[in-house]
Protein chains: 2
Amino acid sequence: MVRKNRKVISRLSRYKNALNRFQSLGFVKIFSDYLAEAVGVTSSQVRKDFSLFGIHGNKRGGYQIDALLERLNEILGKNELQRVILVGAGNLGSALIKYKNFEKDGVKIVAAFDIDPAKHGDRDSIPVLPLDDMQRFIAEQGIKTAILAVPDVAAQPILDRLTSCGIKGVLNFAPIQLKAEGRCVVNHVNLELELENLIYFVNAMEKTGDTGLGN
Amino acid sequence: MVRKNRKVISRLSRYKNALNRFQSLGFVKIFSDYLAEAVGVTSSQVRKDFSLFGIHGNKRGGYQIDALLERLNEILGKNELQRVILVGAGNLGSALIKYKNFEKDGVKIVAAFDIDPAKHGDRDSIPVLPLDDMQRFIAEQGIKTAILAVPDVAAQPILDRLTSCGIKGVLNFAPIQLKAEGRCVVNHVNLELELENLIYFVNAMEKTGDTGLGN
DNA sequence: TAGATTGTTAATCGATTAACAATC
DNA sequence: TAGATTGTTAATCGATTAACAATC
């Protein structure tokens, strides 16, 4: 089987999002070039990505949107509720607890964990528990995915603890390179970095009148 | 001049973060392979990235951390406070207002804007203003960068409005492909997508016993 | 000096795109 | 059928890495 990388999977998500919009506009089928245009890639890329997952359209007929969405949702695990835990109920963690938008996408934060006893208790109907309860909770609830929103220095030790508890995927918000032992995937989100990146190009543009990005 | 892409700039940020940690541990100079190790890239990559920006070390002596940080901070615009506005004070927008961590990185949200009058007023000492005040505010304050946290359907029209107001960079949180007219850079952050991506690999691992990522 | 590290060039790798035969 | 679109292969492109001469 062909190895799938993060970029391909991200594009599948974007295809899915675009298709949902097309569907709600009443479209029934779509050609690769329309979908490509909506997502900002080439039509070759769309067809290539689909064929990688054995998704086939009709020559001359394009792709049936409902069947296509069904398949993408299946691949992306959208057919069942995905339960995740949150570690770190500080500044960012609290914001993520408040941010209820994950639920409309089939992802539910079922509990949060923090060392600080002052943080314990319910928040927006999500329980914030002591770190020591984590292992038991993960085992009992069969949790596989965690969101990591702890300070830099705590990130690596907590990750080690999570992997030893059997966590298989971590979305890390700490601005630090983590080493995951065992079979655990770590994805990174770094808001400060994204903003810093943007500001670089804004400033570069001020100086040269060009983004330097060549779009 | 060589074109710089987003990935190179992101690595500069990561070098900077790692160097700050090394510095606070008392290190004075560093070799490319140590820095590479800390950031998770090859030493060739580190040296190549630096040479792209005319940053030179000492053969056999490595790089002086303070001089290196000075230069990276200059490139990334960290030497002056970067003022940004936030558009959309809904679910995510409010979370971003509360999330004060940008400030330690020299980025300040100076105002937020929202169509909904119920949202107007101060929140966590940041003014939430009517959308109609936006143009004047941007002009008067010389704002160049905006964070976009509005619903999907509103994202493109608001982006058009922002670019016509002279905004040069937008960090977009709406899960939709935007077309920026004129000289404006758009960076995307999509938390749902990142989580979806992670969950794909977690599920793939469950089935095959392998992440399929080949790290 | 001998040894180690930089800076840069060339080789490699992988992802994207173009092209086009198959076919509805 | 003629025309248009898919599916796939080959070509291209760009980014990463290896290698090594320069040199401290």
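Below, chain A is the first sequence line, B the second, and so on; all start at residue 1. Note that these values count all heavy atoms, side chains included, but never hydrogens, waters or copies made by symmetry. Just so we're clear, the structure is a prediction, and the values are computed from it rather than from any experiment.
The salt bridge (Lys or Arg N to Asp or Glu O under 4.0 Å) pairs that include a residue from residues 142-152 of chain B are Glu206(A)-Lys144(B), where partners are two or more places apart or lie in different chains.
For DNA chain C, the span of nucleotides reached by chain B at under 4.0 Å from its heavy atoms goes, 5' to 3', from dG3(C) to dA10(C).
As judged by a 4.0 angstrom heavy-atom cut-off over every strand, Lys7(B) is placed among residues touching the sugar-phosphate backbone only. Within the nucleic acid shown, Thr42(A) comes within 4.0 Å of sugar-phosphate atoms alone, with no base atom in reach, counting heavy atoms only. Contacts of Ser43(A) with the nucleic acid, taken as non-hydrogen atoms under 4.0 Å apart, are absent. Residue-level contact check: Tyr63(A) touches the backbone only, with heavy atoms under 4.0 Å from sugar-phosphate atoms and none from bases.
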Margin query: Set out, in order, the CA-CA distance, both residues' side-chain angles and the distance that settles side-chain contact (heavy atoms from CB on, under 4.5 Å) for Tyr200(B) and Leu12(A), then state yes or no.
Written below: CA-CA 11 Å; Tyr200(B) 169 85; Leu12(A) 292 195; 5.8 Å; no
Note to self: One pair to check against side-chain contact (heavy atoms from CB on, under 4.5 Å): Ile9(A) and Leu76(A). What are the steps and the verdict?
What the structure shows: CA-CA 8 Å; Ile9(A) 306 303; Leu76(A) 295 168; 3.9 Å; yes
Margin query: Walk me through whether Cys184(A) and Lys168(A) qualify under side-chain contact (heavy atoms from CB on, under 4.5 Å).
Written below: CA-CA 4 Å; Cys184(A) 181; Lys168(A) 293 281 178 286; 5.7 Å; no
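No side-chain donor-acceptor contact under 3.5 Å links Asn187(B) and Asn172(B).
Nearer to the 5' terminus of DNA chain C, by closest-nucleotide assignment, is the contact made by Ile55(B) (compared with the other of Ile55(B) and Arg60(A)). Each of His56(A) and Lys48(B) has a nearest nucleotide on DNA chain D; the 5'-most of these lies closest to His56(A).
Outside the 6.0 Å centre-distance limit, the rings of Phe53(B) and Phe50(B) are not counted as a close aromatic pair. The ring of Phe137(B) has its center closer than 6.0 angstrom to the ring center of Phe113(B).
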Note to self: For DNA chain C, please output the secondary structure as dot-bracket, reading 5' to 3'. Pairs are Watson-Crick or G-U wobble, both atom distances under 3.5 Å; mark crossing pairs with [ ], other-strand partners with |, unpaired with a dot.
What the structure shows: ..||||||||||||||||||||||
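Heavy-atom contacts from other residues, nucleotides or ligands closer than 6.0 Å to OH of Tyr34(B) number 12 or fewer.
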